[in-house]
Amino acid sequence: MRNILRIDLTNRQFAFEPLPENLKHLGGRGLISSILANEVDPKTDPLGEGNKLIFAPGLLAGTVVLNSGRCSVGAKSPLTKGIMEANSGGQAARAMAKNGIAAIVLEGSAGTLTQLKISSRTVVFEDAAGLKGLGNYDVINALKEDSCAIVSIGQAGEQQLTAAGIMMTTKDLHPRMAARGGLGAVMGSKNLKAFVLDDTADQPIVPADIKKKFTAAAARLSKGVLAHPLMQGLEHMGTPVLVNMINEMGALPTQNFAKGRFENAEALSAEHMTNLAQTRPNFKMSHKCMEGCMVSCSNIFTDEAGEVVVGGLEYETLALVGSNCMIDDIDMVAQINRECNDVGVDTMEIGGALALFMEAGKLAWGDGKKALELVKQIAGGTTDAGIMLGNGGLATGQALKVERIPHVKGRVLAGYDPRVLKGTGVTYATSPTGADHTAGNALPSPANPDYNPMASQGQTQVSMFLQNHNATVDTLGICLFPMLALLDIPDLKAPLIECVSLLTGTTLSDDYIDQTGGRILAIERKFNAGAGLTAKDDRLPGFFTRERIESTDTVFDVPQEEIDTINAV
Ligand code: SF4
């Protein structure tokens, strides 16, 4: 039995409510969007008591389906002013599912800083004064106990800074983050510093009568996915493998998206990290960010002495904090990443904002040491620079009067230049959650040699297809990487759809993935329209359509009237 755990922070009350019949086929992003659409006024102040912060494991969390333990978090975003979903690895989704919790809905605001202990039957409210002003690493040390999943915010969330994310621990207590969209600020506005989920429960997710068929279908899915060559590459090199690839394409953000190639990209690459792994104790090029992962694309980055700096250092951070700021010292990028994890901010927003400091002449290009000093100012909340950075790229760019601010709906672009990867550009422009590469990143694939990412025609259809696909994947709670195999090998959809059919007791058709994603996006677009977002918000910044990028001599030229058809759907 799946329940919604509703927690009223204002009155220190909670209730476990059976998941309504009409939501039983949903989890993760789809469940969050539906609850927000039903229960939150789109015009509400994102940092006011009317907003709700929702955590939801994917529909398949806790099952044997590979990589199915992502935990989605959602609310109205203080960064984009629209609907937001961000998801993370870690242990939280699995712990929630095993406790029979389909969603935790946090309502109201506690009078004083609060922490919670959550299990399948109860919620304990505790004073969190002892955690006030602590970074996430200290919070983990203070709250860790045997078999638990910790969810927390750092100082940025407490200050309600809009680049704040929400940290979730892995089984081995490394912090991962639902980083994007300012959801940590929403948690801060509720005066909730942390909650600890009991990870000892073992409520069966798959009923005994379908277990055999379910396990067989999940095994067919795993076998097919893991045979895809991309999965082996991800296991050995992880997401940093993209540094050299995207640089080669000419789409690696460099010098605040002025260029698409960074001459020192090699120093930030997976190949360089692999060399470091040969000499540094405890350095790992392969690590699971959550239980049930069969790909292990993450890493543990250590210093020369073997002390862990971050687990892991991912492509988006290397691109936004590294090449985009022209910082070519990978150890410095890792240190900035650690500081972001601790204070609890999105490395992509911070990388985007640091580049704007550099563009404004307040910081030299490539000066990682001073950049780290600036990031350290976020925790104190007393300097203009720290507050600007903590509020992300748009706030920083506007305060420093920079013209070229790479954002959509207030959210900094990810590590792919839209003048080269134009389908991704359409996704940036039209995703309900702002410039979100995870909503539909249109990368070329050897399995689809006819796709030209630089063509101006056909990108809207590509983006829409991917947005529908990914909205469903985020609803099932599966990591996006293994699901890339389904794009190249459509036959692998069958065992996945069989698993969902068995679990929900329905017979789902072949178009389940496309149809479900489409419905979720329609709900999200309606919420955004109610919040006052219009077609004018579905625009890339003008400089991407005016400035030719020298790497490929292209601009973003997908016809705007074509892009506008997406939100007219
Ligand atoms: S493939 Fe990578 S991102 Fe996905 S669950 Fe595994 S470690 Fe995490």
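Atoms within each ligand, like the ligands themselves, are counted from 1 in listed order.
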Report the C-alpha distance between D514 and H469 in whole Å, list the side-chain angles of each, state the deciding distance to 0.1 Å, and finish with yes or no for side-chain hydrogen bond (donor to acceptor under 3.5 Å, both in side chains). CA-CA 6 Å; D514 193 51; H469 175 92; over 6 Å; no
Protein N, O or S atoms under 2.8 Å from atom 8 (Fe) of ligand 1: 1
Could you grab the distance from atom CE of M177 to atom SG of C340, nearest 0.5 Å is fine? 7.5 Å
Which distance, rounded to the nearest 0.5 Å, do you find between the CG of L252 and the CG of D417? 9.5 Å
Between Y416 and Y315, what is the ring plane arrangement, given parallel below 30°, perpendicular above 60°, and tilted in between? tilted
Just which atoms of ligand 1 are under 4.0 Å from any heavy atom in H287? 7 (S)
Pi-cation contact, Y428 with R411 (under 6.0 Å, within 45°): no
Gap separating the CG atom of L268 from the OG1 atom of T317, nearest 0.5 angstrom: 11.0 Å
